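Heads up: the structure comes next, in structure tokens.
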Amino acid sequence: MTMPALFLTLLLQSFLPLFDTGPNDYIGLSFVNSGNSTAIVEVSATDGDTGSVLGGQVTLVAGEQRALLLEEILVGGVRPDSGWIRVDSGGSSVDVVLAHGDPDRLTIAEPVLPATSLTLPDVRVDTGFKELGHTDTLVTIARPGGFFPASVTLELIGLDGVSVGSVPITLGANRHVTLKISEAFSDVLPDNGAGGRAFEGYLRLSSGDAVVAWQRVETPLFSNVLDAQAVGETTGLYLAPFFVFGGGYRSTLNLVNSTEETLTVELIAEDGSGNVVGEVVERTLGPGEGIRSDVQELFGVVTIAIFPAPVVDGYIRIRDSQNQAVALVGNVEVAAIGQGTFTQSSMSYPIGPASAGPWVIPLALGGSTYYSGLAIANPNELLAVQTEVTIEFVEADGTVMEVEEVSLSPRGQHTRVLPETFQSGYVRIRSNMPIRIVGALGTRDSRFLEQVPVLDQ
């Protein structure tokens with residue numbers, strides 16, 4: 001196979017992470033066939049240490065969802081402890097997400113494509129004698145395919161845009177590496193006075209050959225997974241479709257200027273009716289500089305001093321002050337707060353532009369233990385135009401349980417928790433204009449809270 005043909009083959013496939021797993025961990029995949037005919041999906045799991053590959057198939061009739069453990073898919077009934085998963089749907093309309101969990105935590109990841117320049121936007125380290133506040137960031141990088149070793153440079157950059165240091169690694173064909181930021185950059189991270197290291201910023205990956213990468217922020221109580229974001233994509237408006245604070249929740253905005261130019265960005269928090277929440281904020285960001293701020297503090301929102309604090313929710317609009325298309329990367333963390341100020345559980349989701357869809361949220365659960373929710377932000381500012389959205393709650397066998405028709409006003413937002421009677425399935429969304437969506441899955445006791453990727457079809 002020639003190199004161009006190999007690269008094209010990789011682009012037609014998507015990849016999911018296998019972080020180092022323990023004996024009590026489970027790895028599950030949720031597939032949704034949104035097409036009109038039966039689809040056969042090829043799934044393979046590569047052991048990133050040995051390069052050995054195990055394969056299997058999943059067959060889905062039109063409209064069906066199937067949630068399976070990885071070992072139920074692979075021939076032989078075993079799975080590697082680390083590496084990556086390749087999914088090839090052969091051009092059919094099949095979407096998939098990965099759920100990785102154990103009795104104490106849950107993370108959900110979406111498929112990614114290989115690239116040579118990537119940013120992992122939310123790196124946090126606070127190690128040592130920190131008890132429940134102990135925080136580290138794991139990074140896994142894989143090189144699917146190839147013939148020769150790939151040279152990859154990991155550059156750690158603070159929110160001030162200054163490079164803390166870089167680490168070169170050599171990644172063999174069909175190999176992966178998983179590392180902790182606190183260990184890989186231990187020589188350059190500042191001491192936190194608690195016997196450990198402290199850092200907030202992001203990681204930039206540069207490679208001569210296409211790689212895939214993910215990050216996982218870990219604490220004793222929760223983990224969050226974000227996929228690496230491609231560098232260089234520009235848009236005129238970024239949306240964070242949901243934030244909430246008060247009533248046992250807090251939200252944090254993380255934003256990075258990934259260009260080589262100084263930008264002045266305008267940030268506006270709005271409620272579901274498009275009313276401004278707090279203050280309109282302007283921030284000037286030099287090349288590579290970032291913001292990581294509590295949403296309530298960032299927008300100067302004053303609430304009544306009662307306990308528990310009143311709940312405030314909405315979404316965030318981010319744009320260049322001159323209305324130019326710019327390249328930003330970032331995410332929002334929504335956290336459920338336990339006793340004291342420690343995060344009991346949280347979810348992180350990427351900011352991004354609106355798109356035209358249609359979309360699928362490939363995993364939704366209901367019942368007395370779990371709940372699923374979604375938030376839709378409408379960027380349209382034309383006062384005379386409503387955005388018409390259709391939301392279908394679909395059971396695993398393809399039966400549509402409920403259809404919700406939503407007419408979104410300009411700059412409006414719609415949030416929804418699925419009914420408890422919806423046991424398991426997926427959500428299908430269509431709109432006559434571009435919107436931005438975030439999905440969530442949690443437990444009613446707040447032990448788990450995780451984003452469910454919304455996949456654009």
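Note that the structure is predicted; figures quoted are calculated from it, not measured. Position 1 is the first residue of the sequence, and the numbers go up from there.
Distance alone, capped at 3.5 Å, places no donor-acceptor pair between the Glu270 side chain and the Asn275 backbone. Using a distance-only test at 3.5 Å, with no hydrogens or angles considered, a donor-acceptor pair links the side chain of Ser372 to the main chain of Leu365. Ser345 places a side-chain N or O within 3.5 Å of a backbone atom of Ser446 that can act as its donor or acceptor partner.
Within the structure, the salt bridge (charged side-chain N to carboxylate O under 4.0 Å, His left out) test picks out the following pairs touching residues 146-171 (sequence neighbours left out): Glu155-Arg204. For residues 234-245, there are no salt bridge (charged side-chain N to carboxylate O under 4.0 Å, His left out) pairs, not counting sequence neighbours. Screening residues 172-191 for salt bridge (charged side-chain N to carboxylate O under 4.0 Å, His left out), with sequence neighbours left out, gives no hits.
Listed by chain and residue number, nothing satisfies the salt bridge (charged side-chain N to carboxylate O under 4.0 Å, His left out) test with Arg444 (two or more places apart in sequence, or in another chain). For Ser52, the side chain to side chain contact (heavy atoms under 4.5 Å, CB included) partners are Asp47, Thr50, not counting sequence neighbours. Taking the side chain to side chain contact (heavy atoms under 4.5 Å, CB included) definition, one finds that Asp313 meets it with Phe242, Val244, sequence neighbours left out. For Lys130, the salt bridge (charged side-chain N to carboxylate O under 4.0 Å, His left out) criterion is met by Asp126, not counting sequence neighbours. Partners of Asn331 under the side-chain hydrogen bond (donor to acceptor under 3.5 Å, both in side chains) rule, at least two apart in sequence or in another chain, are Asp122, Asn254. Remark: Glu218 pairs with Leu138, Arg216, Ser223 by the side chain to side chain contact (heavy atoms under 4.5 Å, CB included) rule, at least two apart or across chains. Remark: Glu71 pairs with Arg79 by the salt bridge (charged side-chain N to carboxylate O under 4.0 Å, His left out) rule, at least two apart or across chains. Residues satisfying the side chain to side chain contact (heavy atoms under 4.5 Å, CB included) test with Pro353, not counting sequence neighbours, are Thr235, Arg436. Residues that satisfy the salt bridge (charged side-chain N to carboxylate O under 4.0 Å, His left out) test with Glu333, not counting sequence neighbours, are Arg124, Arg292.
Looking only at side-chain heavy atoms (C-beta outward), Phe15 and Pro144 come within less than 4.5 Å of each other. You'll find the side chain of Asp81 stays beyond 4.5 Å of the side chain of Asp20, heavy atoms only. Side-chain contact between Asp25 and His100: present, with at least one pair of heavy atoms (C-beta onward) separated by less than 4.5 Å. Under the 4.5 Å side-chain criterion, counting only non-hydrogen atoms from C-beta, Gln65 is not in contact with Pro362. Contact of the Leu328 side chain with the Ile318 side chain is registered, since non-hydrogen atoms from C-beta on lie closer than 4.5 Å. Two residues are said to be in side-chain contact when any heavy atoms from C-beta on lie closer than 4.5 Å; Val256 and Leu285 fail this criterion. Side-chain contact between Val217 and Gln215 is present, with heavy atoms from C-beta onward closer than 4.5 Å. Within the 4.5 Å cutoff, the side chain of Leu263 has no heavy atoms near those of the Thr284 side chain.
Crowding of Glu282 atom CD: a count of heavy atoms from other residues, nucleotides or ligands under 6.0 Å exceeding 12. Counting heavy-atom neighbours within 6.0 Å of Arg416 CZ, excluding the residue itself, gives a total above 12. Annotation: Phe185, atom CZ; neighbour count of heavy atoms from other residues, nucleotides and ligands within 6.0 Å is above 12.
In this structure, Phe299 CZ and Leu253 CG are separated by 6.5 Å, a value rounded to the nearest 0.5 Å. With values rounded to the nearest 0.5 angstrom, Thr219 atom OG1 is found 8.0 Å from Leu132 atom CG. Interatomic distance, CG of Leu455 versus CD of Glu110, reported as 6.0 Å (0.5 Å rounding). Remark: His134 NE2 to Phe129 CZ distance equals 9.5 Å, nearest 0.5 Å. Atom CG of residue Leu54 and atom CD1 of residue Ile85 lie 11.0 Å apart, to the nearest 0.5 angstrom.
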Next item on the list: I would like to know whether Leu120 and Tyr202 meet side chain to side chain contact (heavy atoms under 4.5 Å, CB included); could you show each step before the answer?
Entry: CA-CA 6 Å; Leu120 293 164; Tyr202 61 99; over 6 Å; no

Note to self: The test is side chain to side chain donor-acceptor pair (under 3.5 Å); show your working for Thr107 and Glu450 and say whether it passes.
What the structure shows: CA-CA 6 Å; Thr107 59; Glu450 182 60 288; 4.9 Å; no

Checklist line | Trace of the side chain to side chain contact (heavy atoms under 4.5 Å, CB included) decision for Val295 with Thr252 | finding: CA-CA 5 Å; Val295 169; Thr252 303; 5.7 Å; no

Next item on the list: Starting from the C-alpha separation in whole Å, work towards a yes-or-no answer on side chain to side chain donor-acceptor pair (under 3.5 Å) for Asn224 and Ser346.
Entry: CA-CA 7 Å; Asn224 278 333; Ser346 80; 2.7 Å; yes

Check: Which is it for Leu69 and Ile27 under the side chain to side chain contact (heavy atoms under 4.5 Å, CB included) test, yes or no, and what are the steps along the way?
Finding: CA-CA 6 Å; Leu69 293 175; Ile27 300 290; over 6 Å; no

Next item on the list: Take Ser182 and Asp136 through the side chain to side chain donor-acceptor pair (under 3.5 Å) test and state the conclusion after the steps.
Entry: CA-CA 7 Å; Ser182 65; Asp136 208 343; 2.4 Å; yes

Notebook entry, point to check: Step by step, would you call Val312 with Val277 a side chain to side chain contact (heavy atoms under 4.5 Å, CB included)?
Noted result: CA-CA 9 Å; Val312 178; Val277 177; 4.1 Å; yes

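Using a 3.5 Å distance cut-off with no hydrogens or angles, the side chains of Thr264 and Ser321 do not pair a donor with an acceptor. Defined by atom type and a distance below 3.5 Å, a donor-acceptor pair is missing between the side-chain atoms of Ser207 and Asp209. With hydrogens and angles left out, the side-chain atoms of Ser355 and Asp456 include a donor and acceptor closer than 3.5 Å.
Here the options are Ile141, Val212, Asn174, the test is side-chain contact (heavy atoms from CB on, under 4.5 Å), and the partner is Trp84; only Asn174 passes.
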